[in-house]
Amino acid sequence: MPVIETTELTKRFPAVLAVDRVSLTVEQGQIFGFLGPNGSGKTTTIGMLMGIIKPTAGSFRLFGAGAPRELLAARARVGATLETPNFYPYLSGRDNLRIAAAIKGIGKARIEECLDIVGLRGRGKHRFRTYSLGMKQRLALAATMLNDPELIVLDEPANGLDPKGMKEVRNIIRLLADRGKTIFLSSHLLWEVERTCTHVSIVRKGRVVGTGTVAEIVGGEITAVVRAEDDDLLRAALEAFPEATSVRASDDGLVVALASDDLAALNRYLAGQGIYVSHLARRHRSLEDAFMDLTGEDEGAGQASLTEFAS
Amino acid sequence: MRLLGVLVRIEMLKAVKRPACWVTLGVFTVFNAIATLSSGGPSSQASFPDAWRGIIEPAINLGPVFLAALMILLFAPEFRWRTARQNVIDGLSKEQFYWAKVLLLVPMMAVFIAIPTVIGVLEVAPNPRGGGGGLVEPMDFNYMLGFVVALLLWGTAALMISALVRAAGAGLGLLFLYFICEQIVTQLLSIRWRALERFFDFLPAQLYQTITNTGLYYPEVLARTNAARAERGQDLLVYPDLWIPLVAATAYVVLFLGLAYVNMRRRDL
């Protein structure tokens, strides 16, 4: 039985179609990355799963439960935090957890345990408003862990964190994953997701444009980074190269996706066009590349077939 | 039953630790004490049951307003802080979150009844049972009932405004602006259309004015007021039966609670 299952889930706000017929399945034990640019409908989708936003159409199930009363019980098996950590600024970290614990029916001992896990036991008595962003994020993680949930939903848990904070959050997520939890992680920190997640869905303008394991999404496509004196000329030549499936700009130069891995043929072709490259190297395709292709977040992107990445 | 206990416990924790709650209660206590003492207060009827009128009169005029402000301060910021949404994510339904606020109204009302009572009792303490009869006369009991209804009227109006506006500043502004505007508008319209006066009497602010008026509960106060008005050549005051404004105010309470509930159910957090 899937932990999360959405069918054609849709949310239309007066001015915008925020989520457009999203169908997802998250199985038990997966660390599921839910990726998309800002405003792509990630938080709205999670909001619907958590019962704070009413879907306009479609349906979803949590642990197989779909009816409102069943969903309320199913949510007792979920720990979630949405966007920024949402706590009472005038209450201490510990008191904030007391409220969450009372709602979840959890005892005091567990509060201390969770504060310990996220390294906040010493600051538990201080007011939430005095916490740094990293501490706030860690308190949010502590709140999600209170009921020892089977499913943990984290929306941008590393938002605004420095590298040390990100590492701490990543370690906590791994710790939870090692304990067999299913984790649904929304983020746009792609390298974080690539390092952490087993499965990924990518959304763009409210629609799922790719879903599968990280390996499936990244795919076996061959890409090369090419640099030459005249970028425009190089781009035109690459786009005309018969083996090229897409061309896009990156910080390193132009990234060309190739149908075959014969870089020598590409070099010969460019030389034949009067272009002498200053740099030509095979490149490992990353999740970021796949994300850029699927979401069209970069100029020249978007030529990759969506179905190539579908599981 | 467990859920009820949880809702009360979390709301009390949120309220008790909120500095704004103590500031509001403190200011009310000071204002109430000053009003009680400056009006001659219960000491003018130095013992029970006569002292009740002097205890309730300042409280019924101040208490509901302070209660409304406090309820808005305790409810509306939950939307800005997004803690309303987090409470729901943590396991409450939107309806349960709303009922938690309605439940909070009960202990808060109790506090707003207890403070003037304690102030009054302290002043009467040297001579608690001067007059004959019971500790509470029927007219005093009606006045107390009116006080409770007035607290409910303002408290539920505050809940409704908080649920609709979802911001403390705007909520407080809207509440007091409505209270002032209703009186100005109805007075202006009454000059032109006197027949509308009877309808205006049942608008929330007018109704509140009626149920807080001592003359509604104590015939001798009404008689004294009318004698003074007659001397000045003014129209005599005529109040409806006590139950009419109280039932009308209770109907508003139900309406406000219902509107807030529907709003909470329908709107996303």
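Chain identifiers are assigned alphabetically (A, B, ...) following the order of the sequence lines, protein sequences preceding nucleic acid strands; residue numbering begins at 1 within each chain.
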Okay, B:R80 and chain A: the region with an atom under 4.5 Å from a heavy atom over there is neither
A:T10 side-chain N/O to A:R21 backbone N/O, donor-acceptor pair under 3.5 Å: yes
Top contributor to chain A contacts, counting heavy-atom pairs under 4.5 Å, from B:A84, B:A20, B:G91: B:G91
In terms of side-chain heavy atoms, does A:K136 have a donor or acceptor partner in A:N86 at a distance below 3.5 Å? no
Only counting residues at least two apart or in another chain, list the ones meeting ring pair (Phe, Tyr, Trp, His ring centres under 6.0 Å) with B:Y143. B:Y217, B:Y218
Interface residue of largest heavy-atom contact number with chain A, from B:N87, B:I10, B:V6, under 4.5 Å: B:N87
Verify, without hydrogens or angle tests, whether A:T6 (side chain) and A:L24 (backbone) share a donor-acceptor contact under 3.5 angstrom. yes
Structural part of A:Y88 lying under 4.5 Å from a heavy atom of chain B: both
Can you say whether A:I103 sits under 4.5 Å from chain B via the side chain, the backbone, both, or neither, judging by heavy atoms? both
Of A:A102, A:A143, A:P85, A:S92, the largest count of non-hydrogen pairs under 4.5 angstrom with chain B goes to A:A102
Under a plain distance cut-off of 3.5 Å, with no hydrogens placed, do A:D155 and A:T43 share a side-chain donor-acceptor pair? yes
Pick one of side chain, backbone, both or neither for A:T81, based on which atoms fall under 4.5 Å of a heavy atom in chain B. both
Would you mind listing every salt bridge (charged side-chain N to carboxylate O under 4.0 Å, His left out) that reaches into residues 63-91 of chain A, with sequence neighbours excluded? A:R77-A:E150, A:E83-B:R82, A:E83-B:R85
With only heavy atoms counted, which part of A:A100 is less than 4.5 Å from chain B, the side chain, the backbone, both or neither? both
Parallel, tilted or perpendicular: ring planes of B:Y261 versus B:W99, cut at 30 and 60 degrees: tilted
Is it the backbone or the side chain of B:K94 that comes under 4.5 Å from a heavy atom of chain A, or both, or neither? side chain
Non-hydrogen atoms of chain B under 4.5 Å away: do they reach the side chain of A:F128, the backbone, both or neither? neither
